[in-house]
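Heavy atoms only: backbone and side chains are in, while hydrogens, waters and symmetry mates are out.
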Amino acid sequence: MRVGLTLLALVIAQTPLLAAPGDAPRIAPVASLTDGQWLKGDLHLHSRHSQDSTNNPEAKIIKFAEDTGFDYLAITDHDNHVAGDVAHHTWSDPEFKSKSVILLYAAEWTTERGHGNVFSAKPYDHQRLFDVRDARDAKTLAVKKALGIHLSGNHPAGKDHWGFSFDMLDSLEVWNSAIWPNNAAAILIWDDMLKSGRKLTGRGGSDSHHGTPDTPEQKTSHTGERSANYVGTPTTWVFAKTRNAKGVVDALTNGRVSISANPYDPRVELRADLDGDGRMDMMMGDNARPTGKPVTFQVRLVGGGVAGAVYHVRVIKNGDPLGTFDTDPASNAVSFADTPAAKGRSYYRVEVEGPQTPYPQVPVSTVLSGKMIALSNPIYFNFDPHF
């Protein structure tokens, strides 16, 4: 009997603890706030390998990104335009190269039930995903997991909106193109997903298709779009631990991400002092157990922007407005305090409005974006990491 009890104790000791029904989820410690770097890029672009694109070869897109100082790009051509074989079109194009811009392996998964972007740090067998585009969600999800890819829902409230289960997604395109007002419904959908317990990263994408003609004869009815919506309208910023494709995809998955209307607008950073020691110990994308005491949040606008401008920060808590605060022009920052519920989930995110910083390379974009400057991802409390 003693041997049996000893063996049972050993088995119990080596068995991972599972939360009983009603228990709070076990949450991993927050990662370092300094071990990383901010990288800016665009996560939705179309080259000549998309049939609805004009005057936009990969070399033109990449040269623009290099000259404008972008760190990464995802050229996401429609896979149905090449019967799923993006590997021998977008990725094998001799122009798919850059010495300064990180290029993700990506494609737009184009199906009868909506569109989604795939992001990967290395080549993957996209044909397998294309071949199950009409399958039930469970089968498609199994293929997605087997490929080890990041799947992101595109324009969830627009044409060709995401029509699959949101449980398949790692991120959601909450800001599509320079036309900010068209994204209001997408933001509502994102908040619904967050309120349901899904820790779903919000990201942007210009969805640009058209470049500048090399000759007058190449001009099309879409040529005017080049000055209104192109690389970086909007710009998605990721806090990557490493300056490579894996760092970009990991950051996108983890949610240390914010979006600005263009690359010259300030980047918004949302941080929180959870333990009240006066030092920030959480940032966007992080998840922690609340203490039941007030938390101080800090919003910083970093780089770019209009000198001396006052920006208006709208705080959203659990999908509802919590308050609006004005930044201090000297520090471009503002702080506020609130108490996350000790039990149950809470999340906080911010939207920033103010004067647009000119984007000379895409001049009309600032008119289309209006007063919307930047958008943060949430800071989470009591979210189940195994949801």
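Between Lys60 and Glu58 no salt bridge is recorded (no basic side-chain N to carboxylate O distance below 4.0 Å). Using a 4.0 Å cut-off between charged nitrogen and carboxylate oxygen, Arg345 and Asp384 do not count as a salt-bridge pair. Remark: Arg128 does not engage Asp131 in a salt bridge, criterion side-chain N to carboxylate O under 4.0 Å. Of the charged side-chain nitrogens involved, at least one lies within less than 4.0 Å of a carboxylate oxygen, so that Arg256 and Asp286 count as a salt-bridged pair.
Every pair passing salt bridge (Lys or Arg N to Asp or Glu O under 4.0 Å) that includes a residue from residues 28-41 is listed here, sequence neighbours excluded: Asp35-Lys241. Counting only residues at least two apart or in different chains, ring-ring contact (aromatic ring centres under 6.0 Å, His included) contacts with residues 267-303 comprise Phe297-Phe336, Phe297-Tyr348. Pairs engaging residues 314-337 under the salt bridge (Lys or Arg N to Asp or Glu O under 4.0 Å) rule: Arg314-Glu351, Arg314-Glu353, Lys317-Asp338 [sequence neighbours left out]. Evaluation of the salt bridge (Lys or Arg N to Asp or Glu O under 4.0 Å) test over residues 215-228, restricted to residues two or more places apart or in two chains, returns none.
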Please tabulate, for the side chains in residues 369-380, all donor-acceptor contacts under 3.5 angstrom to protein atoms that are two or more places apart in sequence or on a different chain.
from	atom 1	to	atom 2	distance (Å)
Ser369	OG	Ala178	O	2.9
Ser369	OG	Ser365	O	3.2
Ser376	OG	Val350	N	3.0
Asn377	OD1	Gly202	N	2.8
Asn377	ND2	Gly202	O	2.8
Asn377	ND2	Val257	O	3.0

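Taking both residues in full, the closest heavy atoms of Phe383 and Arg198 are given as CE2-O, 4.1 Å, listed atom of the first, atom of the second, then distance. For the pair Asn117 and Leu43, the tightest heavy-atom approach, listed with the atom from each and the gap, is ND2-O, 3.0 Å. Heavy-atom minimum distance, Val30 versus Asp281: CG1-O, 3.5 Å.
A 4.5 Å side-chain heavy-atom check between Asn262 and Pro234 finds every atom pair outside the cut-off. The shortest distance between side-chain heavy atoms of Asp77 and Val86 does not fall below 4.5 Å. You'll find the side chain of Val306 reaches within 4.5 Å of the side chain of Tyr311, heavy atoms only. Looking only at side-chain heavy atoms (C-beta outward), Thr327 and Val299 stay at 4.5 Å or farther from each other. For the pair Asp52/His209, a side-chain contact is recorded, criterion being any heavy-atom separation below 4.5 Å from C-beta on. Using a 4.5 Å heavy-atom threshold, the side chains of Ile62 and Glu66 count as touching. Side-chain contact check for Pro266 versus Val302: every heavy-atom pair is 4.5 Å or farther apart. Counting heavy atoms from C-beta outward, Gln361 and Tyr264 have side chains that approach closer than 4.5 Å.
Using a 30° and 60° split on the angle between ring planes, Trp162 and Trp109 fall in the tilted class, from 30° to 60°. Ring geometry for Phe119 against His150 counts as tilted: the plane angle lies between 30° and 60°, on a 0 to 90° scale.
Under the side-chain hydrogen bond (donor to acceptor under 3.5 Å, both in side chains) test applied with Thr54, the options Gln218, His210, Arg48 reduce to a single match, His210. Just one residue in the list Arg203, Glu108, Glu173 forms a side-chain hydrogen bond (donor to acceptor under 3.5 Å, both in side chains) with Ser152, and that residue is Arg203. Asn56 pairs in a side-chain contact (heavy atoms from CB on, under 4.5 Å) with only one of the listed residues (Leu45, Ile75, Ile61), which is Ile61.
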Full working for side-chain contact (heavy atoms from CB on, under 4.5 Å) between Arg271 and Arg300
CA-CA 8 Å; Arg271 299 191 175 202; Arg300 297 193 306 165; 3.9 Å; yes
Side chain to side chain donor-acceptor pair (under 3.5 Å) between Trp38 and Glu269: does it pass, once the steps are laid out?
CA-CA 10 Å; Trp38 284 102; Glu269 295 182 12; 3.1 Å; yes
Test log, rule side-chain contact (heavy atoms from CB on, under 4.5 Å), inputs Asp170 and Lys144
CA-CA 11 Å; Asp170 302 294; Lys144 179 244 178 184; 2.9 Å; yes
Determine, stepwise, if the pair Asn55 / Asp214 fulfils side-chain contact (heavy atoms from CB on, under 4.5 Å).
CA-CA 8 Å; Asn55 299 302; Asp214 295 322; 6.0 Å; no
What's the verdict on side chain to side chain donor-acceptor pair (under 3.5 Å) for Ser50 and His81, showing C-alpha distance, side-chain angles and the deciding distance?
CA-CA 6 Å; Ser50 291; His81 293 178; 4.6 Å; no
Under the side-chain contact (heavy atoms from CB on, under 4.5 Å) rule, what do Asp137 and Arg113 come out as? Steps first, then yes or no, please.
CA-CA 11 Å; Asp137 289 359; Arg113 291 172 58 193; 2.8 Å; yes
After noting the C-alpha distance and the side-chain angles of His115 and His155, does the key distance pass the ring-ring contact (aromatic ring centres under 6.0 Å, His included) rule?
CA-CA 8 Å; His115 297 183; His155 31 69; 5.6 Å; yes
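One hydrophobic cluster, built from ILVMFWY side chains closer than 4.5 Å, holds both Met284 and Met282. Neither Phe130 nor Met168 shares a network with the other; the hydrophobic side chains, linked directly or stepwise wherever heavy atoms of I, L, V, M, F, W or Y lie under 4.5 Å apart, form separate groups for each.
Hydrophobic side-chain contacts under 4.5 Å tie Ile316 to no other Ile, Leu, Val, Met, Phe, Trp or Tyr residue.
For NZ of Lys195, the number of neighbouring non-hydrogen atoms (other residues, nucleotides, ligands) closer than 6.0 Å is greater than 12.
Put simply, CD1 on Ile27 and CG on Asn382 are 5.5 Å apart, with the number rounded to the nearest 0.5 Å. Taking OG1 of Thr235 as the start and CH2 of Trp175 as the end, the distance is 9.0 Å to the nearest 0.5 Å. One distance of note links CG of Asp191 with CG of Leu188; it measures 7.0 Å at 0.5 Å rounding. A distance of 6.0 Å separates CZ of Arg349 from OH of Tyr347, quoted to the nearest 0.5 Å. How far CG of Leu368 is from OG of Ser177: 7.5 Å, rounded to the nearest 0.5 Å. Note that OG1 of Thr233 and CG of Asn229 are 3.5 Å apart. Values are rounded to the nearest 0.5 Å.
Aromatic pair Trp91/Tyr124: ring centres closer than 6.0 Å. When ring centroids are compared, Tyr230 and Phe64 come within the 6.0 Å threshold.
Under a 3.5 Å cut-off, the side chain of Ser206 and the backbone N or O of Ser208 do form a donor-acceptor pair. For the pair Thr366 (side chain) and Pro363 (backbone), a donor-acceptor distance under 3.5 Å is present. No donor-acceptor pair closer than 3.5 Å links the side chain of Ser260 to the backbone N or O of Pro263. Although no hydrogens or angles enter the test, the distance criterion places a donor-acceptor pair under 3.5 Å between the side chain of Thr236 and the main chain of Gly204. For the pair Asp273 (side chain) and Gly276 (backbone), a donor-acceptor distance under 3.5 Å is present. Formation of a donor-acceptor pair under 3.5 Å by the His126 side chain with backbone atoms of Asp85 is not found in this model.
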